[in-house]
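Note that these values count all heavy atoms, side chains included, but never hydrogens, waters or copies made by symmetry. Throughout, a chain's letter reflects where its sequence line sits, starting with A, and its residues are numbered from 1.
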Amino acid sequence: MTEQSLTNGDSRAFFHPITNRLSAPLCQPEPEGGVREAQGASASGHTMQKQHDKASEPHRYRTHTCGQLRKAQVGETVKLSGWVHRVRDHGGLLFIDLRDHYGLTQCVIEPESPEFPLAEQLRAEWVVTVEGQVVARSDDTINPDLPTGEIEIRIGKLEVLSKAAELPLPVFGEPDYPEETRLKYRFLDLRRETLHRNIMKRSQIIASLRQRMIEAGFFEFQTPILTASSPEGARDFLVPARLHPGKFYALPQAPQQFKQLIMIAGFDRYFQIAPCFRDEDARADRSPGEFYQLDIEMSFVTQEDVFEAVEPVLRGVFEEFAEGKRVTAKFPRIPYREAIKKYGTDKPDLRNPIIMEDVSEHFRGSGFKLFANLLDKDARNQVWAIPAPTGGSRAFCDRMNSWAQGEGQPGLGYIFFKDGAGSGPVAKNIGPKRTAALRDQLGLKDGDAVFFAAGNPAKFAEFAGQARTRVGRELNLIDEDQFAFCWIVDFPMFEWDEENKKIDFSHNPFSMPQGGLEALENAKSDTELLDILAYQYDVVCNGVELSSGAIRNHKPEIMYKAFEIAGYDRAVLEQKFGGMLRALQYGAPPHGGIAPGIDRMVMLLCGAQNIREVTLFPMNQQAEDLMMGAPSEVSAAQLRELHIRLNLPKS
RNA sequence: GGGGGUGUAGCUCAGUUGGUUAGAGCGCUGGCCUGUCACGCCAGAGGCCGCGGGUUCGAGUCCCGUCACUCCCGCCA
């Protein structure tokens, strides 16, 4: 199915210039060969065909789908049901484009037909059944953009199954409509080709993931939706417990503890297409409230084992749905600190070829006093170069500079190279020798430029990363034709919490520190503690963080120590993670896992900029479901039963 | 909680330094049309210019406030 569904799912090459519909409709059987039945189509397709072959009693609604008929069926009497996509009324002749999930078929009727008066009344999105003969179109009326374009149905009988009121949102042509309208009438929006195709692709991606995981020896288990509130992380969604006045369930932010308990229970390899709930504000790539993860956990594994299990699944599913784009053959492993130094972020977009470098030595004691003084003042300070191949014009450099100022930076120093020399104020100040040395280190040539960020890298790395991204985009250096994966490894176990002036977990308190208990006990100072790494990793694709994962800490004594370092005493740990701690005391296998975000994978594979384009029934940014009217008020009786009294804000 | 953008017909948008009766395209309704597939042609309906206040002889236009949507920051172990 895989290669073929790719072809069928490919939109652009087959995009119908006029109807905006795919010429190769979603999941339709191929005419010749006939084996090419994609999922979804097959079941009903087979049934229909069988019933048709029995001939005497045609199916109540259809003998074929709207994407199915070809020249081979010319002469047959068929029955199709679907939506009226478009009517073209020529007075003496009337065309109806009939649409269903599988495609589009043109039906035609003439005034002599007894059904003509009814046909004239048809409006967009009415649901109808059409019965009639398949006829070949004459050569000059064939529509080559439609898979069914060689035939049409001469309407014999016409039945209206369901009328449609005037549409708040047209399906045909997919004109731009406000998000609010699209969400309120989501069922109409979903009929549109683009969304319909995205949702189908999502379904196929999930089916593929599931199949790949099962083939790799993982078992799918369900974990509770009503569970206990967990102290760390995001805000919980709470559900009042009727049987326990004053107490609440929480929806799981992720099945994190459950999947570890599954390992401790001896099931060895777990996965789940897991819903996760976090009551945090939305972003374009983040649904408010709920999202899905491919949740994975494995026993008796090292970090390397997790990579070797997960990498083929991700690579495989991306290759399957990439529609020709290249997918990284072997995901490079980049230590966290190296990622920050080279890319200014822990989720680098490796399609961007720019790699930043430390060029402090070229500025130390140089005539460019601003940088030279910075380097003298504090040993931690550095100067980083952001090479900008082909960016060697004053106009571009100035544009970058004013962008930086708009970002609240003092500016963005630069040198651009032409006629064998470096130009710009920085080059003037450091002189030709240092300028040439810089150029050589960075491998730049005439027509290129380089930008500089200076100060304490901990403070400017993020901005430098943004500059790198911007340079890459503005200069068209980003190779859009690939999915570039990498593993980011060796995340620090702890980080400095500036707000509370203390050490805190940088990621997940359940991660195993590299070096184990010894490492935690041997660290003498905050600095040494902050240097401890964890078996904690991310997988990143095209600058999108798909997932975090870790080898878990399966030893209670390490857990106690780690929490102690982060400033939580024993009692807190026992109270908050009692179940987990208890489980660790009765024989826990070493284990680890990961949980790639499914919505983000689908977004990448659909080329969608917004998560609502790959979600069936999304909420808006205020976390409201405009179609169902959620959240909603509830009755006084419901509240009473739950022992809840509202205490609403005044305004 | 904070910042940016947007808000004129069902939709996409135009609307001059503030000046008569607020326009276009698409859609909708009606009529005509026998080969269209973004069909074509003719006619018509459709507006609290997001809402409230202010400045002015006069506000779609200027000012203040507010609301809605969206993007971002905070937040997302």
So if I take every side-chain heavy atom of Glu180(A) and compare against A68(B), U36(B), C76(B), which nucleotide ends up nearest?
A68(B)
Nearest to the side chain of Glu624(A), heavy atoms from C-beta on, is which of C69(B), G27(B), G35(B)?
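Among the listed nucleotides, the one closest to the side chain of Glu624(A) is C69(B).
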Where each residue is assigned the nucleotide of RNA chain B containing its nearest heavy atom, which of Val108(A) and Met619(A) is assigned the position nearer the 5′ end?
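Taking each residue's closest nucleotide, the earlier one in sequence belongs to Val108(A).
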Considering heavy-atom distances to RNA chain B, does Asp279(A) or Pro111(A) have its closest nucleotide positioned more toward the 5' end?
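The residue whose closest nucleotide sits nearer the 5' end is Pro111(A).
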When the distance from [atom1] of [X] to [atom2] of [N] is rounded to whole Å, what number comes out?
X	N	atom1	atom2	answer
Arg137(A)	U36(B)	CZ	P	11 Å
Ile155(A)	U36(B)	CD1	C1'	14 Å
Glu125(A)	C28(B)	CD	P	11 Å
Leu626(A)	U70(B)	CG	C1'	13 Å
Arg154(A)	G35(B)	CZ	C1'	10 Å
Leu183(A)	A68(B)	CG	C1'	14 Å
Phe95(A)	C33(B)	CZ	P	16 Å
Asn143(A)	C39(B)	CG	P	11 Å

Look at the side-chain N and O atoms of [X] and state whether any lies under 4.0 Å from the OP1 or OP2 oxygen of [N].
X	N	answer
Asn610(A)	C71(B)	yes
Arg88(A)	U36(B)	no
Arg612(A)	C71(B)	yes
Gln622(A)	C69(B)	yes

Between [M] and [N], how far apart are the [atom1] atoms? Round to whole Å, please.
N	M	atom1	result
G10(B)	G47(B)	C1'	12 Å
C28(B)	C11(B)	C1'	11 Å
G15(B)	U34(B)	P	42 Å
U61(B)	U55(B)	P	15 Å
C39(B)	C33(B)	C1'	10 Å
U6(B)	G18(B)	C1'	23 Å
C67(B)	A14(B)	P	26 Å
U8(B)	G50(B)	C1'	10 Å

Thinking salt bridges, do Glu474(A) and Arg399(A) make one under a 4.0 Å N-O criterion?
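Yes, charged N to carboxylate O under 4.0 Å.
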Lys/Arg N to Asp/Glu carboxylate O, Asp97(A) vs Arg88(A), below 4.0 Å:
yes
At under 4.0 Å between heavy atoms, which parts of nucleotides 5-12 of chain B does protein reach? Answer with one letter per nucleotide, 5' to 3': B base, S sugar-phosphate only, - none.
------SS
Distance-only donor-acceptor pairs under 3.5 Å for side chains of residues 128-135 of chain A, two or more places apart:
| residue | atom | partner | partner atom | Å |
| --- | --- | --- | --- | --- |
| Thr129(A) | OG1 | Ser81(A) | OG | 2.7 |
| Gln133(A) | NE2 | Gly75(A) | O | 3.3 |

Output all residues satisfying side chain to side chain contact (heavy atoms under 4.5 Å, CB included) with [X], sequence neighbours left out; order by chain, then residue number.
X	result
Ala464(A)	Met356(A), Trp384(A), Ile386(A), Ala453(A), Phe460(A)
Phe237(A)	Leu251(A), Phe277(A), Asp279(A)
Pro178(A)	Thr181(A)
Glu564(A)	Lys561(A)

Indicate, with a heavy-atom threshold strictly under 4.0 Å, whether [X] touches base, sugar-phosphate, or nothing.
X	result
Arg552(A)	nothing
Asp139(A)	nothing
Asn620(A)	sugar-phosphate
Glu545(A)	nothing
Arg123(A)	sugar-phosphate
Gln536(A)	nothing

Flag as yes if His90(A) stacks onto the base of C39(B) (centroids under 5.5 Å, planes under 30°), otherwise no.
yes
Applying side chain to side chain donor-acceptor pair (under 3.5 Å), can you list everything that pairs with Tyr560(A), at least two apart in sequence or on another chain?
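Per chain and number, Tyr560(A) pairs via side chain to side chain donor-acceptor pair (under 3.5 Å) with Glu574(A).
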Applying side chain to side chain donor-acceptor pair (under 3.5 Å), name anything that partners Asp490(A), two or more places apart in sequence or on another chain.
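Listed in chain order: Gln514(A).
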With a 6.0 Å cut-off (strictly less than), is the heavy-atom count around CZ of Arg582(A), excluding the residue itself, greater than 12?
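Count not over threshold, so no.
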Taking Watson-Crick and G-U wobble pairs with both distances under 3.5 Å, convert RNA chain B into its dot-bracket string, 5' to 3', dots for unpaired and | for cross-strand pairs.
(((((((..((((.....[...)))).(((((.......))))).....(((((..]....))))))))))))....
Sequence neighbours left out, what passes salt bridge (charged side-chain N to carboxylate O under 4.0 Å, His left out) with Arg468(A)? Give chain and number order.
none
Strictly by side-chain hydrogen bond (donor to acceptor under 3.5 Å, both in side chains), give each pair with a member in residues 109-124 of chain A just once, sequence neighbours left out.
Glu110(A)-Arg154(A)
I'd like to check Phe491(A) versus Leu533(A) (side-chain heavy atoms, cut-off strictly below 4.5 Å). Are they in contact?
no
For His64(A) and Gln73(A), does a side-chain donor sit closer than 3.5 Å to a side-chain acceptor?
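Side-chain D/A pair, His64(A) to Gln73(A): absent.
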Produce the list of close N/O pairs, under 3.5 Å, pairing protein atoms with atoms of nucleotides 72-74 of chain B; give distances to one decimal.
| residue | atom | partner | partner atom | Å |
| --- | --- | --- | --- | --- |
| C72(B) | OP2 | Ala284(A) | N | 2.9 |
| C73(B) | OP2 | Arg283(A) | NE | 2.7 |
| G74(B) | N7 | Arg283(A) | NH2 | 2.6 |
| G74(B) | O6 | Asp281(A) | OD2 | 3.4 |
| G74(B) | O6 | Arg283(A) | NH1 | 3.1 |
| G74(B) | O6 | Arg283(A) | NH2 | 3.2 |
| G74(B) | N1 | Asp281(A) | OD2 | 2.6 |
| G74(B) | N2 | Asp281(A) | OD2 | 3.4 |

